[in-house]
Amino acid sequence: MNEEADDLKCVVRIEEFLVRRLYRYKETSDKRLRTVLHAIGNGETDVNRLADTACLGYKQFKRVFMEGVGVNPKDFLRIVRFQKLHRFLQVHTELSLSQLACECGYYDKSHLIKEVRRFSGFTPVELSAACNTIYSDYHSLFRLAFVDIPF
């Protein structure tokens with residue numbers, strides 16, 4: 001992938017790639033994956049229970065999920081959790097890091113900080129400031145194409 005000098009151009013390129021994957025996913029009609037994605041939207045975060053929801057063994061579930069969604073289930077759950085955090089940073093600016101960690105499903109404040117750095121390269125404070133400048137128009141499209149994740 002080519003290097004982009006502008007952060008916004010990088011975000012747009014990544015979003016275009018993800019949106020193309022979403023449209024390809026919409027064409028498939030795997031009821032198992034739709035049921036699993038619905039369960040994730042309702043707050044289920046345990047991969048073993050998601051495998052049970054799909055009526056598949058753990059290994060087969062991981063394979064089917066990876067083929068249908070494009071990432072493994074654990075990484076997808078991390079992305080959903082980070083997406084929820086990103087939304088909370090924009091909407092609930094008054095919450096402390098500990099409150100954000102609790103609301104968004106992180107174990108504690110240090111786990112939240114580590115995940116924010118891993119996903120964005122920012123500290124939570126820096127990410128919060130960046131949320132005001134780089135906001136994705138695809139955010140809701142991305143969420144709705146997979147599952148209506150309640151925020």
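Each residue takes its place number in the sequence, starting with 1. Everything quoted here is computed from the prediction, not taken from an experiment.
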Only pairs under 3.5 Å count here: list side-chain donor-acceptor contacts from residues 51-63, not counting sequence neighbours, and write none if there are none.
residue : atom : partner : partner atom : Å
T53     : OG1  : R49     : O            : 2.9
R63     : NH1  : E67     : OE2          : 3.2

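With a 4.5 Å cut-off on side-chain heavy atoms, L112 and P124 count as touching. Looking at heavy atoms from C-beta onward, V116 lies out of side-chain contact with I113 at the 4.5 angstrom threshold. Between R78 and R118, some side-chain heavy-atom pair lies under the 4.5 Å cut-off. For the pair D46/E44, a side-chain contact is recorded, criterion being any heavy-atom separation below 4.5 Å from C-beta on.
For L77, the side-chain contact (heavy atoms from CB on, under 4.5 Å) partners are I40, V47, L50, not counting sequence neighbours. For the side-chain contact (heavy atoms from CB on, under 4.5 Å) test, residues two or more places apart in sequence or in another chain that qualify with T123 are R117, V125, E126.
Between V71 and F65, the shortest heavy-atom distance links the atoms O-CD2, 3.2 Å. Annotation for L85 and C104: closest pair CA-SG, 3.5 Å, computed over non-hydrogen atoms.
If you run side chain to side chain contact (heavy atoms under 4.5 Å, CB included) between H38 and each of N42, V36, T35, only N42 comes through.
Between the H111 side chain and the Y107 main chain, a donor and an acceptor come within less than 3.5 Å of each other. With hydrogens and angles ignored, the 3.5 Å screen pairs no side-chain donor or acceptor of K109 with any backbone N or O of S96.
In the hydrophobic cluster analysis, where Ile, Leu, Val, Met, Phe, Trp and Tyr join through side-chain heavy atoms closer than 4.5 angstrom, L33 is grouped apart from M66.
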